[in-house]
Structures are given as C-alpha cells and as structure tokens.
Amino acid sequence: MSLYDSLNPQQHAAIEALYGPILVLAGAGSGKTRVVTYRIAHLLESGVDPSAILGVTFTNKAAEEMKERVQKLTHYQVLICTFHSLGAKILRESIYALGYGRNFTIYDEQDSEKLVKLCINELAHQQKLDAQHFISLISSAKNALQDPDQINPASLDELEKLFPDVYRLYQAKLKECNAVDFDDLLYLPVKLFKTYPDILDHYQKRWSFLLIDEFQDTNQAQYLLVQHLGSQHQNVCVVGDPDQSIYSWRGANIQNILGFESDFPGAKIIRLEQNYRSRANILEASNALINNNRSRYEKNLWSDRGAGEKIKHFTADTERGEADFVAEKIRYHYENHHISLRQMAVFYRTNAQSRALEDKLLLHHVPYVIVGGISFYQRREIKDILAFLRMVQSGMDFISFSRTINIPKRGIGETTIERIRLSAAQEGLSLMGYSTKLIEDTPLQYAVKLSAKQKEGLKSYVQIIHELKEISKACDIQEVVKAAIERSGYLEYLKGEMESYQERKENLNALVSKAIEWELSAMTPSLEGFLEELSLKSTLDETNSSYDKVHLMTVHNAKGLEFDVAFLAGMEEDLFPHANSRGSLEALEEERRLCYVGMTRAKEYLYLCDVRQRFLWGTTRIQRPSRFLREIPEEYIERIRPSFMSKTQFTWRPSQVETQEVTFIDEIDQTIPEEENEEPLDEGDAIFHKDFGVGVIRQIYEGSAGLTYKVLFSKDNRERSLVARLAHLKKLS
DNA sequence: CAATCCTGATTTTTT
DNA sequence: ATCAGGATTG
C-alpha cells in the first residue's frame with residue numbers, strides 16, 4: 001500500500017489496528033490530522049461503509065478541514081462534525097422522547113441569559129442576583145450531568161441558595177419555548193441515551209467506528225457521549241495531547257484521557273513523538289517550558305528538521321512599540337525570505353490586545369485578518385432577522401418573540417409581552433396561536449387587554465409571520481431571508497439609527513449571501529437546517545482567505561494551526577499568564593500549556609514580545625516580563641534590542657500582495673501637500689476619514705514621523721494614530 | 001405602560 | 001463607544 005509508505009512506524013500502528021479502542025497521544029505537530037484521515041481511508045479500503053464512520057472534532061474549522069482531506073484522499077463523504085452539531089443531529093431525530101418538538105430552537109448565551117434573568121425575576125422578586133454567575137453554575141451543572149435535584153445545597157453559598165430553583169425553572173422555560181441551549185446539545189443526548197437504551201442501541205449500530213479529535217478538551221458530557229456510543233462495538237479511536245489541554249475553564253477534564261484506558265479496557269496506546277513541524281530550537285524551548293508543569297505525563301517530542309534560528313525575544317516600551325516591531329519583522333521576512341503573509345501569525349492572550357496591533361499593521365500597510373474576533377451572528381441586526389425566522393420555524397420561542405414583537409415599534413413593551421406569555425401558557429397555547437386568537441377576538445379565558453394601537457400592531461406582526469411561513473413553504477431559503485428583511489420593515493426601522501445604518505445593511509446583505517451559499521452546499525436545504533448551522537457557527541467563514549494576509553488571533557484560536565513565522569505578543573505577568581490564574585497552580589499550568597500551544601505553532605521563526613508599559617484595564621500599567629520567558633533556557637533565545645527602528649516605518653507596502661484594501665493602499669500613498677489641508681484641525685474636531693469614517697481628534701502631537709493626529713473613530717470605537725501629512729481628513733461641520 | 005434619556009461598567013479564553 | 005439597567009417623561 002504505497003499510500004501509507006510515508007508514515008512512520010507509530011503512525012502506521014495507529015492506522016493499522018482497525019478494531020478495538022485506541023488512544024493516540026499525539027504531540028504537537030506529530031501528524032495527527034494525517035493519522036486520522038489515513039485511518040478513515042484505511043477503514044473505507046477495508047470495506048467499511050462510509051455511513052458507519054463518525055468523526056468528531058472540537059471546532060467547525062477542524063471538522064471542515066478533515067472532511068475536505070478525507071474527500072480528497074478517498075472521494076467519499078464521511079460524517080465529520082463537532083460535538084455540538086452531533087448533539088443537534090441526534091436531538092433532531094430523537095428529542096421527541098424527552099418531550100420537545102423536533103423543530104426546537106438553539107439558544108446562544110445571550111438568549112439563555114435573557115431567560116435566566118426572567119427566572120431570577122420570577123423567583124427572587126426584589127433580590128438582585130448575578131445572572132452571569134447563575135448561567136455559569138447552570139453550565140457547569142449540565143457539563144457534569146447534574147439535574148436540578150442533584151445539586152448539593154451544602155455546596156452553595158448565601159447568594160446561590162436559589163440556584164436549584166432557578167435551574168429547574170430555566171429548564172422548564174426552555175422546554176416551554178421548545179428551545180435548547182448550547183450545553184443541552186451535549187447534556188440532553190446523554191440523558192436520552194441513559195433513559196432509552198433502545199435509542200442508544202440505534203445509534204450504536206449506526207456508527208460503528210468512532211474517531212475523536214482533541215480528546216484532551218472533552219468535558220464530562222462529551223466524554224459520556226463518546227462512551228455511550230462506543231461501549232458496544234468498542235471501535236473508538238481517540239486522539240489528543242494532554243499538554244495542549246486549554247479548555248478546563250469550560251469543563252474540559254484532562255482526566256478523561258486517563259479514564260479512557262479504564263473505560264475501554266485493553267485500549268492500545270500509541271505515542272506520536274516525532275514533530276514534523278518546528279525547528280529543533282523552537283521545539284526544545286517549548287519542551288523546556290512545558291516541563292515546568294508538575295502534573296504531566298512524560299513525553300519527549302523531537303524534531304529532525306535542524307536547529308533553525310533561535311527564538312527572538314524583544315522588549316518594547318509600549319504596546320505600540322511592540323506592534324511596530326511585529327510589523328517591521330513581518331516586512332523583514334516577507335522581503336528577505338519571501339514568506340507569504342498567510343504563513344505568518346500574531347497571537348495574543350486577550351482579544352483586547354488586537355487593537356494596538358491592528359492600528360500599527362494598518363499604518364504599515366500590512367494586510368491582516370482577524371481570526372475569530374467579534375462574531376458576525378451576534379450582531380443585533382442579524383439576531384433580529386434570525387429571530388423572525390425562528391418565529392416562523394417554531395411559534396413557541398418566547399425569546400425570539402419578545403425580540404421581534406416590537407420591531408418596528410408597535411407599542412408593545414415589556415409588560416404586555418410578559419402578560420401575553422403568561423396568558424398563552426395558561427391557555428395552553430403557543431405564543432403565535434394565542435396571539436392569533438387574541439386579534440381575532442376569539443373568546444378566551446385569559447385575554448390580555450390591548451389598546452387599539454397594540455392590537456393593530458399585533459395583527460400586523462402575526463400577519464408578517466404567517467406570510468413568511470407561506471413563503472418558507474414555497475420558496476428557497478434566500479427568498480425567505482430576503483422576505484423577512486423586507487416584510488418586517490426592518491430597513492426602515494434601522495434608519496432610525498443613522499450612525500450605523502450602512503454597516504448594518506451590509507451585514508444583512510451578507511446574511512442573504514450566506515443563505516444562498518448554504519442552499520448550494522447543503523444536501524437537503526431547509527430553513528431549520530440553516531438556522532441550526534448559524535447557531536452553531538460563531539464566526540462567518542473567511543471566504544476571502546485566498547488573500548494573502550497576516551493572521552491575528554488569540555492563542556486559543558491558534559490551536560491546530562501552523563505558521564512559518566509566529567509572534568507571541570504580550571508576554572507579561574498578569575497578561576500571560578493572565579491575572580486570573582494567580583494563586584492557582586492548576587490555572588497557571590493551563591496558562592503554560594496555552595503558551596506551549598502558541599509556541600509550537602511556529603515552524604521556522606518564533607518571536608516573543610513583552611512590553612514595559614501597557615494600557616490595560618483602563619490604566620497604564622508597569623508590566624513585568626512573563627515568568628514563561630524565564631522558563632525557556634537561554635540557549636534557545638536571542639534578545640533583540642530596539643535599535644532597528646528605522647525611518648522606513650511608513651513607506652513599506654507589500655508589492656505583489658493582492659489585497660482587498662487595494663484602494664486604501666493606493667490612496668494613502670499619494671502624499672498630499674500640507675497646504676491642501678486648508679482647514680486647520682484642532683483637538684476635539686470631528687473629522688471624516690476615507691477608510692475609517694467619522695471620528696474625533698483626541699490629541700495632536702509631534703510624533704517620530706511628523707505631526708500626528710490621534711483620532712477616535714466611532715465606527716469601531718478605536719483610536720488610531722494618523723500621520724498628518726498622509727491622512728485624508730475632512731473637517732466636519 | 002412605552003419610549004426616551006441618562007448613568008456606569010466594560011477586558012480571558014469559546015463550541 | 002456600546003450595552004444594560006434605571007429614572008423620567010408623555
């Protein structure tokens with residue numbers, strides 16, 4: 001079999017044993033994805049039915065990548081999905097046994113929070129309780145598979161006394177809305193399997209070969225899901241690396257990887273220890289770092305890719321200096337090593353750090369893309385339209401009802417909404433069913449009194465939903481989405497807020513495009529399926545990834561990726577390791593694993609940066625270098641002085657780079673003579689900038705590159721420093 | 001009772 | 001800035 005010749009003996013062993021449980025301990029860069037895809041290929045070659053194979057990953061990105069690679073290798077379609085979409089799939093088919101309808105809605109955190117607040121208000125009357133806190137309590141309870149009755153009251157403090165009641169009511173309300181939350185997607189299937197062995201049996205027979213990726217990040221519910229599905233046939237292959245477990249705060253349990261051996265007796269254990277990714281300097285430095293963790297299984301990753309360059313460590317004065325350094329080094333590698341920008345990445349611990357980096361990259365004309373930043377689907381306008389669509393789908397979904405009923409303004413406020421909810425429940429009707437009766441003047445035992453205006457409004461609302469329902473029966477998804485935007489009068493409603501109208505409108509257009517795209521790609525397109533997909537995907541796919549851009553992301557987001565050049569920014573105490581890990585050895589060790597993940601992403605060049613002074617949490621703080629810097633032996637590190645700072649700063653632009661911001665680069669490059677800026681600008685002036693929109697000048701000062709404006713732009717609330725002679729600023733009013 | 005205006009907090013990581 | 005929560009107004 002020539003296909004497998006390229007594998008090393010350990011990889012080979014992981015692929016050969018088709019039956020029985022296997023635990024693959026795959027170190028960073030040891031060809032894990034390769035093993036999984038080849039294993040699937042081998043299964044198919046041995047005559048296993050493609051529909052009998054189930055691959056489970058942690059992220060959508062990983063699932064898609066693996067699906068694609070299997071498709072390329074074998075030309076078969078194999079079911080590979082995330083834990084959450086697997087849960088959704090199982091529930092769509094079998095949730096009726098738990099008393100929900102199969103067209104249930106999936107609530108995101110915002111939706112859940114609203115519901116939790118309702119519960120708290122109902123139970124705790126005047127008392128003010130922290131909804132966020134209760135949400136996390138509910139989430140951990142579900143991850144630990146605890147029902148409200150199983151909560152130990154002794155473990156609760158004074159403010160948490162009501163927790164079991166809130167949890168119980170919350171769960172009841174979810175059911176009333178025919179909705180499930182994120183955690184339910186794991187929790188309910190396990191419950192289903194426990195209660196109904198025949199349903200479990202069905203799934204055990206359906207998927208007789210399981211492959212689980214990133215096993216170190218599974219929580220209790222996910223683990224039990226795997227255990228249930230695999231307990232009969234035992235054909236379970238799990239792949240993971242305990243050193244890369246970085247989601248314990250979400251309930252991930254490293255012990256799962258240990259427990260595997262006892263739950264699946266006779267499991268074959270295979271270690272992949274050859275790293276094909278990084279240069280030895282990078283790999284050995286990472287090994288040295290992770291060795292500082294006390295609770296850890298010995299492992300020795302090695303690389304034969306040669307020592308490579310030493311890791312560079314740079315200390316900047318401020319976060320702007322740090323960003324300048326990053327931009328400069330990106331330029332250096334791009335020009336001298338001809339490394340494409342997409343092969344370079346900047347990692348940071350917290351999302352907030354991206355601001356300074358973005359500013360400087362823009363200034364230096366370095367094309368970049370932020371991976372997994374602000375979520376597209378969490379934007380208000382998107383959520384509003386989706387809520388309309390959910391009402392079409394279900395009619396019981398209170399959260400979506402209360403979100404949309406007063407859009408546009410119909411004079412129906414919170415109080416009326418709550419009354420409708422209550423009365424509908426008392427009548428035993430769905431929200432839509434009750435509303436229909438109400439406007440038809442059908443005699444009701446519990447009728448909500450409405451003013452003429454409210455009644456008129458409710459009438460038009462019900463009519464819109466009915467119309468959309470008709471359209472959804474007859475038309476494509478994209479037509480329904482378009483209709484939801486048009487019939488609801490949403491654009492007119494948006495015009496009330498002139499500020500962001502254009503942007504929001506564009507987002508809605510993007511939603512329509514997404515619907516078109518989805519229709520083309522899905523095998524059996526349905527509105528239900530479309531909504532489900534959107535609920536489970538937090539970010540809009542970067543379809544423009546064909547552009548050559550530097551990738552910016554949090555270290556968490558970097559897992560599973562690799563780059564020729566990687567920067568770890570903000571290597572400072574209280575930032576990385578994060579302040580919240582102070583005093584907890586476990587949390588600190590997780591930070592260290594996170595740092596390990598970040599470092600091992602780099603193939604050729606790795607930069608670690610820290611800053612003496614950083615604007616953080618509202619103030620400028622003096623920062624100390626991260627302990628992680630000290631934990632890396634000197635021999636692997638080269639310290640860099642800030643002497644490189646040349647005046648080339650503002651002149652570089654990637655020459656053959658194809659970017660979306662072509663116009664931006666071209667325009668900003670034509671330096672305008674200063675006298676053309678006829679209107680003198682002052683601090684406090686409102687200005688308009690071609691690329692950033694409206695802003696206010698916060699400060700004018702003499703910077704290293706000349707007169708500089710510090711401008712706060714309202715579009716994204718970011719402060720950017722603009723060199724006066726390059727900036728196109730028009731004074732407003 | 002709804003709509004509008006004001007205040008204060010906001011930043012760890014995410015399916 | 002934006003969002004949520006609270007007070008005020010109509």
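Quick caveat: nothing in here was measured; it's all calculated off a predicted structure. Naming: A, B, ... by sequence-line order, numbering from 1 per chain.
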Using atom [atom1] of [X] as one end and atom [atom2] of [N] as the other, report the distance to the nearest whole Å.
| X | N | atom1 | atom2 | value |
| --- | --- | --- | --- | --- |
| A:Asp574 | B:dT12 | CG | C1' | 13 Å |
| A:Glu414 | B:dT4 | CD | C1' | 14 Å |
| A:Glu113 | C:dC3 | CD | P | 13 Å |
| A:Glu533 | B:dT15 | CD | P | 14 Å |
| A:Tyr348 | B:dT11 | OH | P | 16 Å |
| A:Ile417 | B:dA3 | CD1 | C1' | 13 Å |
| A:Glu64 | B:dT15 | CD | P | 12 Å |
| A:Asp213 | B:dT15 | CG | P | 15 Å |

Review point. Using the rule for Phe, Tyr, His and the six-membered ring of Trp, do A:His578 and B:dT12 stack at under 5.5 Å and under 30°?
Key: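 Ring-base stacking flag set for A:His578 and B:dT12.
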Check your understanding: Under 5.5 Å between ring centres and under 30° between planes: true for A:Phe58 and the base of B:dT15?
Key ->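 It does not: the ring fails the test against the base of B:dT15.
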Reckon [X] touches a base, only the sugar-phosphate, or nothing at all at heavy-atom distances under 4.0 Å?
| X | result |
| --- | --- |
| A:Gln222 | nothing |
| A:Ile412 | sugar-phosphate |
| A:Lys117 | sugar-phosphate |

With the side chain of [X] defined as its heavy atoms from C-beta on, choose the nearest nucleotide among [options].
| X | options | value |
| --- | --- | --- |
| A:Gln454 | B:dT14, B:dA2, B:dA3 | B:dA2 |
| A:Thr82 | B:dT13, B:dT4, B:dT15 | B:dT15 |
| A:Thr350 | B:dT15, B:dT14, B:dT12 | B:dT12 |

Between [X] (side chain) and [Y] (backbone), is there a donor-acceptor pair under 3.5 Å?
| X | Y | answer |
| --- | --- | --- |
| A:Arg624 | A:Glu572 | no |
| A:His84 | A:Leu536 | no |
| A:Asp108 | A:Asp111 | yes |
| A:Glu590 | A:Ser248 | yes |

Output yes when at least one side-chain N/O atom of [X] is less than 4.0 Å from OP1 or OP2 of [N], else no.
| X | N | result |
| --- | --- | --- |
| A:Thr415 | B:dA2 | yes |
| A:Asn60 | B:dT15 | no |
| A:Asn580 | B:dT11 | no |
| A:Lys559 | B:dT14 | no |
| A:Asn219 | B:dT15 | no |
| A:Thr554 | B:dT12 | no |

Review point. Does A:Phe398 have A:Arg421 sitting over its ring (NZ/CZ under 6.0 Å from centre, angle to axis within 45°)?
Key: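 Yes - A:Arg421 lies over the ring of A:Phe398, closer than 6.0 Å to its centre and within 45° of its axis.
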Point to revise | A:Lys89 to A:Tyr203, cation-pi by 6.0 Å centre distance and 45° axis angle | key: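 No.
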Practice item. May I ask you to verify whether the side chain of A:Arg349 and the base of B:dT13 hold a donor-acceptor pair under 3.5 Å? Key: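 Indeed there is one.
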Check your understanding: Closer to the 5' end of DNA chain B via nearest nucleotide, is it A:Ser581 or A:Gly413?
Key ->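 Looking at the nearest nucleotide for each, A:Gly413 comes out on the 5' side.
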Check your understanding: In this structure, are over 12 heavy atoms from other groups packed under 6.0 Å from A:Lys459 atom NZ?
Key ->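 Atom NZ in A:Lys459 is not packed in, count stays at 12 or less.
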Practice item. Decide side-chain hydrogen bond (donor to acceptor under 3.5 Å, both in side chains) for A:Thr82 and A:Ser85; before the verdict, give the C-alpha distance in whole Å, the side-chain angles of both, and the deciding distance to 0.1 Å. Key: CA-CA 5 Å; A:Thr82 63; A:Ser85 54; 3.0 Å; yes
Point to revise | DNA chain B-proximal residues of residues 584-598 of chain A, any heavy atom under 4.0 Å | key: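 Contacts with DNA chain B under 4.0 Å: none.
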**Study point:** Partner of A:Asp243 by side chain to side chain donor-acceptor pair (under 3.5 Å), out of A:Arg296, A:Gln216, A:Arg593
**Key:**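 Option passing the side chain to side chain donor-acceptor pair (under 3.5 Å) with A:Asp243: A:Arg296.
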Check your understanding: What distance do A:Leu86 atom CG and A:Ile80 atom CD1 have between them, rounded to the nearest 0.5 Å?
Key ->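 Reported value, rounded in 0.5 Å steps: 12.5 Å.
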Point to revise | A:Tyr596: partners by ring-ring contact (aromatic ring centres under 6.0 Å, His included), with sequence neighbours left out | key: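 Testing A:Tyr596 for ring-ring contact (aromatic ring centres under 6.0 Å, His included), a comparison that skips the adjacent residues, returns none.
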Practice item. Return one dot-bracket line describing DNA chain B 5' to 3' (Watson-Crick or G-U wobble pairs, both distances under 3.5 Å; ( ) same strand, [ ] crossing, | another strand, . none). Key: ||||||||||.....
Check your understanding: With rounding to whole Å, what would you report as the distance between B:dT12 and C:dA1 at their P atoms?
Key ->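 About 23 Å, rounded to a whole number of Å.
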